2 protein chains.
Amino acid sequence: MPDSDYPDIRELDIFKDMQNEHFQSLMRGAYVQNFPAQIELITEGEPSDFLHIVLSGTVDLFSTWNNRETSMATVRPISTFILAATIKDAPYLMSARTLEKSRIALIPSQDVRAVFDADNDFARAIVTELAQCYRSVIKAQKDLKLRSSLERLANYLLRQQKRSGGAPSFDLALEKRRLASVLGMTPENLSRAIKGLQPYGVMVTGTHVTIEDQDDLERFAKPNPLIDDHTT
Amino acid sequence: MPDSDYPDIRELDIFKDMQNEHFQSLMRGAYVQNFPAQIELITEGEPSDFLHIVLSGTVDLFSTWNNRETSMATVRPISTFILAATIKDAPYLMSARTLEKSRIALIPSQDVRAVFDADNDFARAIVTELAQCYRSVIKAQKDLKLRSSLERLANYLLRQQKRSGGAPSFDLALEKRRLASVLGMTPENLSRAIKGLQPYGVMVTGTHVTIEDQDDLERFAKPNPLIDDHTT
DNA sequence: GCAAACGCTTGATCTTTATCAAGTGAGGGG
DNA sequence: CCCCTCACTTGATAAAGATCAAGCGTTTGC
């Protein structure tokens, strides 16, 4: 693994407080690989051999059952994924694929578990990270169970707006059909839902979104930090 | 807090490996309280003052938004809840209410965080616990997004059957209307869904369930350990 | 012991969402 | 440059689920 990747990884919350010696020992066994788009990195049900870190690009976490498929989350740089499976030494619950050309660091799971046992600061950082992940999924589940698809879309747009700086105009970070899957609806219904938000001043052309009447949309969407604020 | 409650709590995965001194210091600040049914123990959005442990009875974790409410999970003895909020010192994401007369231990969150910083075994146990919780929610989300309500009910029955020993006959652990909420449907639709499973040999009278043709139901339900096995 | 309350069920109807089929438009390769 | 592919859209239809209203049976409390 090229040393130039170290600083980016070292700065991650999960690694930044750990002893340098332990960090180095993690990096020794790690390697970095460039993947093209649409490559399946891991498959649900398989043993968790590596902790993955997205250095650049985008990764989709998805699950399948009975010939159906759904997107669970999208991972963007710089962050890890499938931490829980690595820690528990349990099979992956989700599959992962690259959505675009991506650079991924792979750290052998057994190294992570070994350092986890040796470095208390690392163990603590992992607790914080897992608690964060847990709370994010709970929020996603509240979104799913308490809101209609139109409400989910409206709140997604508001979240994405905030994430991209807060201006009235911004870009969708996802292909529409993948966004549909994330929001738990079909692509057809996403199209219709976008139309359904026009009366609230939402204009979408291609991947570009303009919110013409912020208040109007927020009155409809009723965003709530206990569902929509993924930083706490 | 009566010493007689100590052993039960001490045996929890999360406490069983920690130093006795630290366990004692947690217990010093803790207290146990008996609550009647239908008492709201915590309210979402409030700061997480206490880690809760259900010693007996049943607790429902639920969430609300825009005058809607949904059950997120049911907590049974002996286990903790709202661990993530305690660790992160963040507001509760869910509310909790007793479903029946319940005995609850309350440990001040700041004590938990203090001992978490001092006791590495405790910190490690919490990681395992959180990873477990995280994976459970992911499974619940897959259940929600990949299955119809009839399929969710069928798989819930199979899970409940296994939990209660595996016999063809067993009891629902929940009021039907609460089960409906857990499964993400209305009570009316749960009634109809139960009827809808009759062709697969499911008989329900009151809270008592009999699965007359196990294979037939499983062929329909297609249970999958990556969704339905909450022990891994 | 009786009446009120409540949980559950049922039927009718409406809304939401999915499915199927076809068409449009932009981008990429020959 | 044109055609093919593919994502997206649109419309028609079907299925799934929610809502509303009423009724039934059990429990609860005076």
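It should be emphasised that the depicted structure is a prediction, and the values quoted were computed from it without experimental measurement. The sequence lines fix the lettering, A, B, ..., with proteins before strands; numbering per chain opens at 1.
The side-chain hydrogen bond (donor to acceptor under 3.5 Å, both in side chains) pairs that include a residue from residues 194-207 of chain A are D171(A)-T207(A), where partners are two or more places apart or lie in different chains.
In this structure, a donor-acceptor pair under 3.5 Å is absent between the side chains of S109(A) and D49(A). A donor-acceptor contact closer than 3.5 angstrom links the side chains of H208(B) and S169(B). No side-chain donor from either of S164(A) and Q161(A) sits under 3.5 Å from a side-chain acceptor of the other. Between the side chains of R135(B) and Q132(B), no donor-acceptor pair of N or O atoms lies under 3.5 Å. For the residue pair Q38(A)/E100(A), the side-chain donor-acceptor check at 3.5 Å is not satisfied. In this structure, a donor-acceptor pair under 3.5 Å is absent between the side chains of S48(A) and T86(A).
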Show the numbers, then the answer: is there a salt bridge (charged side-chain N to carboxylate O under 4.0 Å, His left out) between K176(A) and E188(A)? CA-CA 10 Å; K176(A) 281 186 186 156; E188(A) 291 97 324; over 6 Å; no

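A rotation axis mapping the C1' atoms of four pairs onto the next four is fitted at both ends of the helix from dG1(C)-dC30(D) to dG30(C)-dC1(D) over five pairs, and the angle between these axes is 30° to 10 degrees.
Along DNA chain D, the stretch of nucleotides lying under 4.0 Å from any heavy atom of chain A spans, 5' to 3', dA7(D) to dA12(D).
Rounded to whole Å, the distance from CZ on R147(B) to C1' on dT17(C) is 20 Å. Distance, R152(A) CZ to dT17(C) C1': 10 Å, rounded to whole Å. Distance, L153(A) CG to dT16(C) C1': 15 Å, rounded to whole Å.
In this structure, R103(B) is not positioned above the aromatic face of F35(B) in the sense of NZ or CZ being under 6.0 Å from the six-membered ring centre and within 45° of the axis.
At least one donor-acceptor pair closer than 3.5 Å links the side chain of K142(B) to the backbone N or O of L93(A). Checked by atom type and distance alone, the side chain of S56(A) never pairs as donor or acceptor with a backbone atom of S102(A) at under 3.5 Å.
No more than 12 heavy atoms of other residues, nucleotides or ligands lie within 6.0 Å of NZ in K162(A), so this atom counts as exposed by the packing criterion.
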Going 5' to 3' through nucleotides 18-25 of chain C, assign each nucleotide B (protein heavy atom under 4.0 Å from a base atom), S (under 4.0 Å only from sugar-phosphate atoms) or - (no protein heavy atom that close). BBB-----

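Interface residues of residues 169-183 of chain B facing DNA chain C, ordered by number: E175(B), K176(B), R177(B); criterion, heavy-atom separation under 4.0 Å.
Looking at residues two or more places apart in sequence or on another chain, you find a ring pair (Phe, Tyr, Trp, His ring centres under 6.0 Å) between F50(A) and Y31(A).
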